[in-house]
Protein chains: 2
Amino acid sequence: MTSTLALAELPQLDRRTLADTAYEALADLLAAGRLAPGDRLSLRQSAAALGVSVMPVREAVSRLVADGVLEVAPTRAIRVPIMTARDFRALAETRMAIEGMAAARTAEHRSKADLAAIRRAEAAFRAEAESAEPDRTRAVRLNRDLHFAIYAACGLAPLQEVIARLWLKAGPVINLDLRAHPERLLQGFALRRHAEALVAIEARDGPAAAAALAADIREAADFILSRGGLRDA
Amino acid sequence: MTSTLALAELPQLDRRTLADTAYEALADLLAAGRLAPGDRLSLRQSAAALGVSVMPVREAVSRLVADGVLEVAPTRAIRVPIMTARDFRALAETRMAIEGMAAARTAEHRSKADLAAIRRAEAAFRAEAESAEPDRTRAVRLNRDLHFAIYAACGLAPLQEVIARLWLKAGPVINLDLRAHPERLLQGFALRRHAEALVAIEARDGPAAAAALAADIREAADFILSRGGLRDA
DNA sequence: GCTAGTGATCTGTGATCACAGTTTGAGTGA
DNA sequence: TCACTCAAACTGTGATCACAGATCACTAGC
């Protein structure tokens, strides 16, 4: 027998299927706002673009449909759901409630290491937002990183997964808007709320952390709704 | 042109794909506890049992895997995830937080019609639980109906979907236990909490409704954990 | 000039086949 | 009686084909 000890240290290489890869590619497209609400998606075209057969794309799309990130129209066409203003408001309210709760738990349970990670993420976002020529794409990613640094510290894995799904669903609307109006993210709205959240988490003040996160989400949602890009309920 | 008025009244016939049907069939199996944690699932056997090719089953399974209700083992075998006691506790805590919140919203926003529906659901469950020879399967379904009557009235569709997913994930563990020990559901634990929730919703007392739901979930989880059927973390 | 119809081309859905990797169990050896 | 071997049967994954229905550009008829 060969050295079991040495072999045990080999990292378990994850066998990614083509479907997994396709899923990530599509999810990225959606999260980045490259696929706008109402856009149609063709299995064959996507497959050709990814250089695979339709099978893996089919599986990826069926997962995204299950998540509500894509939908099959009554005509069987696959498209990005067109959210009404009412839908978007309900999604934002759900996020405020759930993400606020996660932030509160983090504030109460956080370790020093958690706090340090959150501090780093906050600083990274701040640096990008306050730089002379902020990179939009980068800022979006850093904003996401900060939020999930907070949620990751809440200690409840299922809660984190739930939030990730909600973000995926809100992604197209939020980031499409951001592409059109990059000024929002970089004008201090978010910065203030992030700072408040950080202070609350430092002070182990759950309710304050929840309030800061909820305000962050509400302000972004209100901004998008005020722009009137969404269809009425 | 033919009579547009008459045509408008035709019910939009929903085109269910075989994959949809397969998904429901498998989800039912899981929710009913017929598929226990650790059990393997073969695509071809399932397809044969459903009388279709593997394609629709594949799609259904890929959705369930995305939901975390099934998993693909490193050997590529599909099976029901074996939840550790730690996992189960985290899931229960997440449910307590989210479902409690939904119940609180319902208490605050409910209409008279909502309240009537919840009352009916509570009475139906009570009748079954207090009957001389309660039907286990029926009781499980009525319990679920009651919970979702409460969540449906919270006014937030995305929140409801989140909860449905959490139930699907917890289903195998909970209902497997219930199959083995039917006495739990029928010994008044749940009945008391349901009554408390109903009173709180009637009184528009959000916090009390949240507490009642959380207690209901916690007690069921504690009972299962105390039985020691789950693997240690 | 405008509408109804028509056919080519696209769509997603489902079945079937091919393949590489895994599991299993019977057979063989000590 | 036990451990090992090896082949047959199974596993999920991916590609390909078949099909019914939806689109869309275009033309015939009014």
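The structure displayed is predicted, hence computed values, not measured ones. The figures that follow rest on heavy atoms only: side chains count, while hydrogens, waters and symmetry mates do not. Labels below follow one simple rule: chain letters A, B, ... track the order of the sequence lines, proteins then strands, and each chain is numbered from 1.
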* To do: Determine, stepwise, if the pair A:Ile98 / B:Met101 fulfils side chain to side chain contact (heavy atoms under 4.5 Å, CB included).
  => CA-CA 9 Å; A:Ile98 293 183; B:Met101 192 171 62; 3.8 Å; yes
* Is A:Arg58 side chain donor-acceptor paired with the C:dG14 base, going by distance under 3.5 Å alone? -> yes
* Asked: Think A:Ser53 has a side-chain N or O under 4.0 angstrom from the OP1 or OP2 of D:dG14?
  -> no
* Quick one: do B:Arg165 and A:Asp67 satisfy salt bridge (charged side-chain N to carboxylate O under 4.0 Å, His left out)? Show the steps, please. => CA-CA 10 Å; B:Arg165 256 206 200 80; A:Asp67 286 346; 3.5 Å; yes
* A:Thr137 backbone acceptor or donor facing A:Asp135 side chain under 3.5 Å -> yes
* Looking only at side-chain N and O atoms, does A:Gln45 come under 4.0 Å of OP1 or OP2 in C:dT11? -> yes
* To do: Could you tell me whether the phosphate oxygens of C:dT22, OP1 or OP2, come under 4.0 Å of any side-chain nitrogen or oxygen in B:Thr75?
  => no
* **d(CZ, A:Arg79; P, D:dT23) in whole Å** => 10 Å
* Structure fact -> Here the distance between atom P of C:dT11 and atom CD1 of A:Ile78, to the nearest Å, is 10 Å
* To do: For A:Leu41 and C:dG12, give me the distance from atom CG to atom P, rounded to whole Å.
  => 8 Å
* **Plane angle bin for B:Phe148 and B:Tyr151 - parallel if under 30°, tilted between 30 and 60°, otherwise perpendicular** => perpendicular
* Asked: When the distance from CE of A:Met55 to P of D:dG12 is rounded to whole Å, what number comes out?
  -> 13 Å
* Asked: B:Leu64 CG to D:dG12 P: how many Å, rounded?
  -> 14 Å
* **A:Asp216 (side chain) donor-acceptor with A:Leu213 (main chain) under 3.5 angstrom** => no
* Structure fact -> The nucleotide from C:dA15, D:dA15, D:dG12 with an atom nearest the side chain of B:Leu43 is D:dG12
* Asked: From the list D:dA18, C:dA15, C:dC19, which nucleotide is the closest neighbour of the side chain of A:Arg44?
  -> D:dA18
* Atom CG of A:Leu70 and atom C1' of C:dG12: how far apart are they, to the nearest Å? -> 14 Å
* Whole-Å gap separating P (D:dG14) and CD (B:Glu59) -> 14 Å
* Asked: Quick one: A:Arg16 CZ to D:dG14 C1', roughly how many Å, whole number?
  -> 16 Å
* Ignoring the backbone of B:Pro56, work out which of C:dA15, C:dT24, C:dT16 is nearest its side chain. => C:dA15
* Report the nucleotide, chosen from C:dG14, D:dT13, C:dT23, that has the shortest atom-to-atom distance to any side-chain atom of B:Thr17. => C:dG14
* Between B:Arg76 and A:Ala77, which is nearer to the 5' end of DNA chain C once each is assigned its nearest nucleotide? -> A:Ala77
